> 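Take a look at this one; I'll ask things after.
The sequence lines fix the lettering, A, B, ..., with proteins before strands; numbering per chain opens at 1. For clarity, every value in this text was computed on a predicted model and none was experimentally measured.
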Amino acid sequence: MASYIGSATSRVDGRAKVTGEAKYAGEFNVSGLVHGYVVDSPIPKGRIVRIDTSGALGVAGVIDVLTHSNRPTMADKDDAYKDEVAPEKGSPYRPLYDDRIQFTGQPVALVLAEDWETARVAASLVKIEYQKEPHVTDLQAERARAYAIDVPEKPRGDAEKAFASAAISHAAEYSIPTEHHNPMELFASTAIWENGQLTVYDKTQGVQNVQQYLCKVFKLQPNAVRVMSPYMGGGFGAGLRPQYQVVLAVLGANALKRPVRVVLTRAQMYALGYRPASIERLALGASSDGLLESMQHEAIAVTSQFEEFARNDTGWGNLLYKSPNAKFGHKLVKLDLPTSSDMRAPGAATGVYALECAMDELAIALKTDPVQLRLQCYSDRHQGEDLPYTSKQLRECYRQGAEAFGWDKRNAEPRSMRDGSELVGWGMASGVWEALQVPATVRIVLTANGHAEVATAASDIGTGTYTIMAQVAADMLGLPIDNISVKLGDSTLPQCPVEGGSWIASSVCNAIANTARAVRGDLLELAKATKDSPLAGAGVDDVALIDGKIVSKQDAGRAVPIASAMQSGKAERITREEINQPSEDKSHARNVHSAIFAEVKVDEEIGIIRVMRVVKAVAAGRILNPKTAHSQVMGGVVWGIGMALHEETLYDHRFGRVMNANIAEYHVPVNADIHDIKVIFVDEPDEMVNPLGIKGLGEIGIVGVAAAIANAVYHATGKRVRDLPITLDKVIEFV
Amino acid sequence: MIPFQYTRASDVADAIKQIAADPSAKFIAGGTNLLDLIKYDVATPTRLIDISRLPLGNVEETANGGVLIGALVPNTDLAYHPLIEARYPLLSRSILAGASQQLRNMASTGGNLVQRTRCFYFYDATTPCNKREPGSGCSAIDGINRINAILGTSQSCIATHPSDMCVALAVLEAIVHVTGPAGARTIALADFHRLPDNTPQIDTNLEPDEIITAIELPAKGFSTNYSYLKIRDRLSYAFALVSVAAALELDGDTIKEARVALGGVAHKPWRSPAAEVVLRGQRADASTFANAADILLRGARGFGHNDFKIGLARRAIVRTLSQAARGTPQSISDKKIR
Ligand SMILES: Cc1cc2nc3c(=O)[nH]c(=O)nc-3n(C[C@H](O)[C@H](O)[C@H](O)COP(=O)(O)OP(=O)(O)OC[C@H]3O[C@@H](n4cnc5c(N)ncnc54)[C@H](O)[C@@H]3O)c2cc1C
Ligand code: SF4
């Protein structure tokens with residue numbers, strides 16, 4: 001039997017998704033369902049003085065209006081609101097808790113009605129009087145108030161001195177605006193009480209995280225609460241933390257003793273988390289022969305007034321380049337906004353963008369080819385921790401990417417390449433992310449008819465988790481993939497953390513391997529108990545499960561069919577549950593890498609920028625499924641194009657409001673913006689990173705893409721745009 | 001959102017009767033603009049009169065060689081109608097440059113004319129906006145105004161009219177047929193939309209109790225030398241920063257007749273008779289086009305974020321006229337800007 005691992009398997013949940021059979025959090029209908037509509041705050045800061053709900057309550061079909069003053073009880077300590085991925089410092093936001101307004105769009109009332117339209121109409125009749133307080137929402141205007149926080153990367157040598165005395169240097173500031181996740185599926189939760197049990201269908205990347213959170217917030221026993229999220233229409237980090245609508249749905253269900261569904265509007269989703277706007281300052285110094293002498297990276301990013309969210313924007317240079325002197329700093333500015341949050345490749349998407357643009361500018365100052373500069377500075381060790389990598393095929397990424405792109409035909413001179421009225425630019429950048437693992441438990445139930453159910457509480461946020469788990473389980477159990485059913489997104493399933501950080505594939509697949517080994521052991525015992533067993537004396541690692549049989553690895557002729565082993569042992573089913581613990585070996589750094597090459601065409605007269613080609617070569621250990629992996633990376637590249645050219649949350653700081661809170665005016669790329677995207681997976685066997693050699697692919701797709709495009713725009717036009725997005729008016733001066 | 005009644009008009013007379021009887025009623029055709037406005041609490045009609053089933057869905061030739069387009073012809077059908085594609089390709093191109101396929105399938109010809117501005121503040125009912133709430137102030141003048149106007153603005157409002165189709169209609173000198181309690185009348189497209197002055201809340205010269213029944217195109221279609229160029233912040237599905245519709249009639253290299261209109265820059269398709277005069281009788285070359293651009297943009301003024309539109313519009317005008325003169329209209333299908 002051919003291996004499923006490594007084969008381009010179509011999504012096992014594809015049919016359910018395209019037929020509508022797959023149900024999402026806002027689609028679970030139960031009788032007596034009540035619909036909740038959120039009234040949100042128009043002001044960013046202040047107090048609620050008065051709420052008049054009489055108008056809303058007068059609407060036929062309205063059951064109740066919950067506010068901070070009449071809601072059912074909820075916990076009053078910060079700890080209860082700290083979810084698994086909450087920032088360490090701060091006091092998490094509590095929905096509908098008191099009269100304080102902490103950000104625009106904060107929920108201030110929940111209208112509960114027999115149907116959604118009635119709730120929405122009644123919501124516009126809730127009259128609220130506010131007492132405004134002065135607010136701040138502008139990072140640039142408030143940057144002087146930035147305060148430093150600890151960064152993991154320690155300084156080396158004397159970076160400032162080395163920079164001052166470097167033969168060639170480059171220093172500049174880059175900036176990235178606030179970006180929102182905008183998953184297609186709206187955030188939604190349905191809360192149902194039944195026989196003392198609370199079931200919640202929630203759009204979340206972590207069902208157990210939400211389950212534990214709800215238990216704490218509502219002081220419920222763990223076995224009384226079940227959270228389900230079988231499918232998700234995009235998460236991208238927006239669903240890592242429990243979002244406020246899940247609290248409101250449970251508050252509503254508690255108040256009415258009826259099932260309640262709350263669905264946010266698209267506009268309301270702009271009051272959830274976001275990629276924090278950041279200002280990144282890079283200072284690079286090099287010797288005249290192009291070796292880095294000094295590397296400094298400081299980031300200033302946004303968080304809320306009440307929590308301290310920060311990700312590592314600045315350490316990435318340590319993973320890529322040798323530099324004897326280095327210094328990193330991270331500062332935060334507290335603004336009257338919701339807490340910023342993880343969004344695809346948090347820290348890296350922004351930090352590596354700035355770093356890789358700065359490297360391009362240094363290459364130009366050095367009159368060196370940008371790929372050449374990266375190879376000269378290439379580091380085989382993690383510079384900060386002075387560790388080797390479990391594997392790092394980044395050199396091969398540069399080589400294969402450059403070759404596929406045709407980089408050797410590049411004329412280094414800016415504005416030197418043309419196609420008719422368009423200037424042509426070629427740019428490149430590196431990408432890097434971590435190969436993380438978290439403890440995860442997988443249960444396998446193997447039945448005598450040769451079917452297996454594989455279960456863990458992870459979520460498939462659209463990345464293909466169902467599919468790769470089925471592939472791995474099929475291989476490990478020696479069964480056809482159609483005989484495997486995968487269960488996810490249910491908090492009663494075996495323990496699994498939130499799906500994020502690109503850690504799920506490696507964590508759950510290695511857990512499948514552990515559990516499958518235990519199942520194999522049980523099967524072997526049953527097989528050995530048969531009379532004259534051909535497997536007598538074999539140990540669990542001497543046999544494999546292949547084609548429905550327990551087979552000796554030494555002698556394939558010695559085999560017992562799984563079905564007969566189970567029959568003779570009178571075992572109807574074998575149930576095993578094993579955890580996979582991340583390795584504690586700290587002797588190596590674990591990372592994924594990539595190289596990106598981009599071609600842009602810029603109409604010199606009217607400034608229109610088109611990204612014609614992107615080649616992304618990725619080294620990320622074992623690729624479980626080239627098809628879903630390709631989609632994942634391609635999606636990241638598309639997002640990177642959007643980050644470079646389109647995405648920006650526009651605030652009017654006078655009002656402290658997002659002005660383009662809809663996907664007509666918050667621009668992401670459309671088909672017309674996307675041309676040729678080529679994804680290359682560079683071979684990278686790695687038995688050290690984890691037994692299956694999996695590194696994860698969720699984030700790496702986007703990292704570095706915006707830099708490659710920005711560098712290409714410079715190469716095309718000779719104009720360096722350092723503040724994203726690169727719109728036509730920044731590239732061409734229209735006088 | 002407020003509750004509303006829904007009724008259907010049985011014929012044009014009934015539609016007028018219904019709307020005349022209820023000042024807070026509104027017609028609904030494709031609903032692609034009105035329903036959003038209702039959801040954002042910007043429009044608050046207490047009654048929707050559905051006109052979408054009225055028999056105004058034909059495209060027919062007129063006696064004088066023109067074409068009469070029913071007000072309910074969907075944007076998609078109009079763009080791909082053989083008569084329009086053959087004789088008024090500029091109109092096809094302008095329609096296909098707008099919105100998305102799905103929206104164009106729903107959007108009606110009449111609704112496209114009456115659609116409202118996309119000014120961000122107009123859609124956010126919590127902010128001051130003279131167009132939405134007369135006298136409350138204009139948030140855009142000192143706010144986010146990248147998509148706002150540079151021509152024909154006033155102290156009270158700097159909104160644009162967002163239609164692409166209307167820019168081509170202006171060049172084709174379309175005539176709007178309307179009917180109201182006082183009977184039928186026509187309005188030249190050029191007089192249909194209003195500049196803000198002190199009454200930005202009034203978008204058009206259509207009376208509240210009038211219905212658009214048809215758009216008439218005169219015979220002249222400029223099907224040889226035309227171009228529609230739309231410049232926006234992504235390559236499709238975005239409103240114009242600047243758009244230009246150009247139509248020329250050439251005698252060799254000499255311009256016999258010229259028409260140019262700008263979109264995305266004012267609260268109406270922007271034309272200038274003087275600009276067209278300087279084109280007439282001149283050589284169709286870049287310097288002639290630049291002269292026309294200067295006249296078209298006379299008095300243009302930016303408000304910060306949209307300052308660049310003045311220079312962008314100047315170049316876009318020259319580009320579009322050059323394309324029209326060459327007979328190589330802006331292509332929309334091959335993702336290319338030539
Ligand atoms: C996301 C998005 C993107 C868009 N992008 C573009 C774009 O790039 N370019 C562009 O040009 N347009 C764009 N549009 C706008 C679209 O073209 C208009 O919404 C559409 O043309 C309106 O037509 P409708 O029939 O749906 O009007 P409706 O929404 O039904 O009505 C709009 C208004 O017209 C009135 N009305 C309708 N028919 C008549 C009539 N016969 N007589 C009198 N009054 C009438 C209604 O009362 C209402 O006030 C976009 C819209 C959206 C939502
Ligand atoms: S420009 Fe017009 S529509 Fe926009 S805020 Fe000002 S008054 Fe309102």
> For a 4.5 angstrom cut-off between non-hydrogen side-chain atoms, does A:F655 reach B:D124?
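They are not in side-chain contact.
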> Quick one: what part of B:I310 sits under 4.5 Å from any heavy atom of chain A, side chain, backbone, both or neither?
neither
> Where does A:E665 contact chain B at under 4.5 Å (heavy atoms): side chain, backbone, both or neither?
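Side chain of A:E665 only, per the 4.5 Å heavy-atom cut-off to chain B.
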> For A:I732, is it the side chain, the backbone, both or neither that has a heavy atom under 4.5 Å from a heavy atom of chain B?
side chain
> Can you find a pair of side-chain heavy atoms, one from B:R146 and one from A:T727, that are under 4.5 Å apart?
yes
> Search all heavy atoms of B:G143 against all heavy atoms of A:R654 and return the closest pair with its distance.
CA-NH2, 3.4 Å
> Among pairs that include at least one residue of residues 28-43 of chain B, which meet side chain to side chain donor-acceptor pair (under 3.5 Å), considering only residues two or more places apart or in two chains?
B:N33-B:Y123
> Indicate whether the side chain of B:T126 and that of A:R657 have a donor and an acceptor atom separated by less than 3.5 Å.
yes
> Checking B:S236 against chain A: side chain, backbone, both or neither under 4.5 Å from a heavy atom?
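For B:S236, heavy atoms of backbone and side chain both lie under 4.5 Å from chain A.
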> Heavy-atom cut-off 4.5 Å, strictly under: side chain, backbone, both or neither for A:H646 against chain B?
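Interface part for A:H646: side chain.
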> Any side-chain heavy atom of B:I231 sitting closer than 4.5 Å to one from A:L728?
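SC-SC contact between B:I231 and A:L728 confirmed.
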> Does B:L235 form a side-chain contact (heavy atoms from CB on, under 4.5 Å) with A:V670? I'd like the steps, not just the answer.
CA-CA 7 Å; B:L235 295 182; A:V670 293; 5.7 Å; no
> Does any heavy atom of chain B fall under 4.5 Å from the side chain of A:I641, the backbone, both, or neither of them?
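Looking at A:I641, nothing touches chain B.
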> Would you say the side chain of A:D729 lies within less than 4.5 Å of the side chain of B:L312, judging by non-hydrogen atoms?
no
> Please determine whether the number of non-hydrogen atoms from other residues, nucleotides or ligands lying under 6.0 Å from atom CD of A:Q140 exceeds 12.
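Yes - once you tally the heavy atoms of other residues, nucleotides and ligands closer than 6.0 Å, there are more than 12.
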> Any idea which of B:K309, B:R315, B:R234 has the most non-hydrogen atom pairs under 4.5 angstrom with chain A?
B:R234
> Tell me, side chain or backbone of B:D142 under 4.5 Å from chain A's heavy atoms, or both, or neither?
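Contact with chain A is through both the backbone and side chain of B:D142.
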> Is there side-chain contact between B:S139 and A:M659, with at least one heavy-atom pair below 4.5 Å?
no
> Counting only heavy atoms not in A:Q131, do more than 12 fall under 6.0 Å of its CD?
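Atom CD in A:Q131 is not packed in, count stays at 12 or less.
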> Check the surroundings of atom NZ in A:K730: do more than 12 heavy atoms from other residues, nucleotides or ligands lie under 6.0 Å from it?
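Enclosed: over 12 neighbouring heavy atoms sit under 6.0 Å from NZ of A:K730.
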> Could you check which of A:E117, A:H653, A:H667, A:E733 has the highest count of heavy-atom pairs closer than 4.5 Å to chain B?
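Winner by heavy-atom pair count: A:H667.
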> Run the side-chain contact (heavy atoms from CB on, under 4.5 Å) test against A:P338 and tell me which residues pass, sequence neighbours left out.
A:F103, A:Y274
> Take A:D652 and B:Y121, measure what side-chain contact (heavy atoms from CB on, under 4.5 Å) needs, and give me the verdict at the end.
CA-CA 10 Å; A:D652 187 319; B:Y121 300 94; 2.5 Å; yes
> Is it true that, when you exclude A:E129 itself, more than 12 heavy atoms of the residues, nucleotides or ligands shown sit nearer than 6.0 Å to its CD?
yes
> Under a 4.5 Å heavy-atom cut-off, does chain B meet the side chain of A:V668, its backbone, both or neither?
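Its backbone and side chain both get close to chain B.
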> How far does CD1 of A:I608 sit from CG of B:L241, to the nearest 0.5 angstrom?
9.0 Å
